[in-house]
Protein chains: 2
Amino acid sequence: MPRAWNFSAGPATLPEPVLRRAQSEMLEWRDAGASIVEISHRGPEFMEVAAAAESALRKLLSIPDDYAVLFTQGGATTQQALIPLNFAAPGQPADYVISGHWGKTAMKQAAPYVATHVAASSEADRYRTIPARDTWQLASDAAYVHITANETIHGSEFRDIPDVGDVPLVADFSSSIASEPLDVSKFGILYAGAQKNLGPVGISVVIVRRDLLERDGQPRADIFDYRSQLKAESMLNTPPTWNWYMLGLTVQWMLDEGGVEEFAKRNARKAALLYGAIDDSGGFYRNDIDPAVRSRMNVPFFLHDEALEKAFLSESKAAGLIALKGHRVVGGMRASIYNAMPEEGVQALVAFMDDFRKRHG
Amino acid sequence: MPRAWNFSAGPATLPEPVLRRAQSEMLEWRDAGASIVEISHRGPEFMEVAAAAESALRKLLSIPDDYAVLFTQGGATTQQALIPLNFAAPGQPADYVISGHWGKTAMKQAAPYVATHVAASSEADRYRTIPARDTWQLASDAAYVHITANETIHGSEFRDIPDVGDVPLVADFSSSIASEPLDVSKFGILYAGAQKNLGPVGISVVIVRRDLLERDGQPRADIFDYRSQLKAESMLNTPPTWNWYMLGLTVQWMLDEGGVEEFAKRNARKAALLYGAIDDSGGFYRNDIDPAVRSRMNVPFFLHDEALEKAFLSESKAAGLIALKGHRVVGGMRASIYNAMPEEGVQALVAFMDDFRKRHG
């Protein structure tokens, strides 16, 4: 089949111009005499690619100078283990606000290293809401407060940055980074796996306020030390160069398209269109998340009759709309509509949903 | 410039058929409607790619069934930290045989977790030799004995597997895996970053005897637990799918070319040709490594007159031979001649070296 509208939650659809560029450079990158994936990470060619990617990311997200940017391996889950190792004393309390599956994962990875403390959780509400800030019970002497900015599976996202005073706010932004303007200075640490909004899987970004790097953390291998990684320009060992290169191309594509201001508008329109189709379906489709915190990136929805799910999936695929099956944790359907998903793709999905409803309603 | 003969130590040259295949599939992988890098790792398409890669690797290396294979992120350096965490009790002794730069790195990463013990080292000999087995002083109660099968920078490799009795032998095979037949059953754990002989950077392989996974190791995050990774089929979190796919293509290419028996022959011929050109140059070129342990993969060499290095590098590049500069730790030149480097490339290098010597000798 030709390229479909791909609603995968991650690894997710990439901008077609980025793929075409990577394709054209697959055997020879500029005048290097080799592909970008075949040359030394420490040579001038790749160092330029790496520096350009950081510079573009700093521009895209307006990252202040007092924040360092690391390009790391291991995905967001690995950062969830490294953050307590780098920023908390052994057994020190650390606050976790749990608004879905990934918040729980973050806490699980940290548990061997810190006294994880659930400051708030919407689990009893099946994560249909995000706990209001005034209900949080923060630990005293916490190393940080961790939130999941966007819950990819449950489909909720923080629409305001919570105020946690002087304690550093740490946020997993894997599935919503660069989807709208963001005040980085409100955070101690932001981190994100690249495979939703920043490019390909296999590389992650950690944005950290430099003064936090003065914390001793706890005993750890050098390869797990963010300070060592920063000193080595994220090249303490051989970095995933192709993935880094693709991230750079994707970030530059976002800048060329108009940056996060432009994507905020597109994403608002896409989300309004899709949630509108669900809400206006007379109960044929249903999304259970509190409208105030509905994710603009991941839209889970259910059909009024579970028996229709199979037909929905096979007919949507036949119509050129793929990866709409919901995560097994919640079931149903899910459409992920990251920056690289054009409005045309969401229009095609909504048209299909309307048609399916008429035929099966 | 067109594709050159690329002697990079890693990331290193890839087989051109693999690059062409990746290029042709960059926008659409089979009938998935998307690139392989845009689809879910847990979907049937990628699961098939992952399983095929493991199956091909098992065939290529004749990996016995009582060994598990993990595909992990973070490179060999990360495994050097994870191995003590998974297989040694806190503070337990672990033996390290140091035959070059990477042996030292391995020990450095392990130091926070185990009582690292230098069983033998050729540092005093500037790593021109590998310490003979009968000189090793093994610790009692060691969790394992670690060796570096091939030292990428210094250019030496073990030509025999040392007998360490019942203590598991752990080997970093990053730069020589699949270069010749190997008796995996002689090892407790073999690991390798992919970016020399197995494909692209960004993914590593860990081959571990299953009974060792019963060891408790020490407190660690779930993402650092090899048992959890095995249970999750190396997908505890989103794996680097494109890198895994490329590894699979590269391994399949090696099988199609005749497997490790065939590459052992090619590599022996390539190494003999290159070392011959050095040894027969009347002192114009020089390699300092004990001939009995010279690496067949990485050939460092020096010009008799350091002042000629610049000319050598610029003239070789002009002749379509790239990445010949030695590692800064040892200086001089280095030619890495992994499986993907055709004999024709080494012939071109040797012809250039002879010509350069005649012109500058």
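Below, chains carry the letters A, B, ... as their sequence lines are ordered, and counting in each starts from 1. Computed from a prediction, not measured in an experiment: that's the story for all the values here.
- Atom-to-atom distance recorded for A:Lys325:NZ and B:Arg42:CZ is 13.0 Å, nearest 0.5 angstrom.
- Between the side chain of A:Glu38 and the backbone N or O of B:Leu14, at least one donor-acceptor pair lies under 3.5 Å.
- Per-residue heavy-atom pair counts under 4.5 Å with chain B were compared for A:Phe46, A:Trp5, A:Trp242, and the maximum is reached by A:Trp242.
- B:Lys108 has its side chain within reach of A:Asp222: a pair of non-hydrogen atoms, C-beta onward, lies under 4.5 Å apart.
- Heavy atoms of B:Pro11 lying under 4.5 Å from chain A belong to its backbone as well as its side chain.
- When each of B:Leu236, B:Thr78, B:Ile223 is tested with A:Thr78 by the rule side chain to side chain contact (heavy atoms under 4.5 Å, CB included), just one qualifies, namely B:Ile223.
- With a 4.5 Å cut-off on non-hydrogen atoms, B:Pro84 does not touch chain A at all.
- Interface remark: B:Leu85 contributes side-chain atoms only to the contact with chain A (heavy atom separation under 4.5 Å).
- Taking the six-membered ring where tryptophan is involved, the planes of B:Tyr113 and A:Phe224 are tilted, since the angle between them lies from 30° to 60°.
- With a 4.5 Å cut-off on non-hydrogen atoms, A:Ala323 does not touch chain B at all.
- Separating the CZ atom in B:Arg20 from the CG atom in A:Leu27 is a distance of 4.5 Å, to the nearest 0.5 Å.
- Under the 3.5 Å distance criterion, the side-chain polar atoms of A:Asn237 are matched with a main-chain donor or acceptor of B:Gly74.
- To the nearest 0.5 Å, atom CD of residue A:Gln195 and atom NE2 of residue B:His41 are 8.0 Å apart.
- Heavy atoms of A:Pro112 lying under 4.5 Å from chain B belong exclusively to its side chain.
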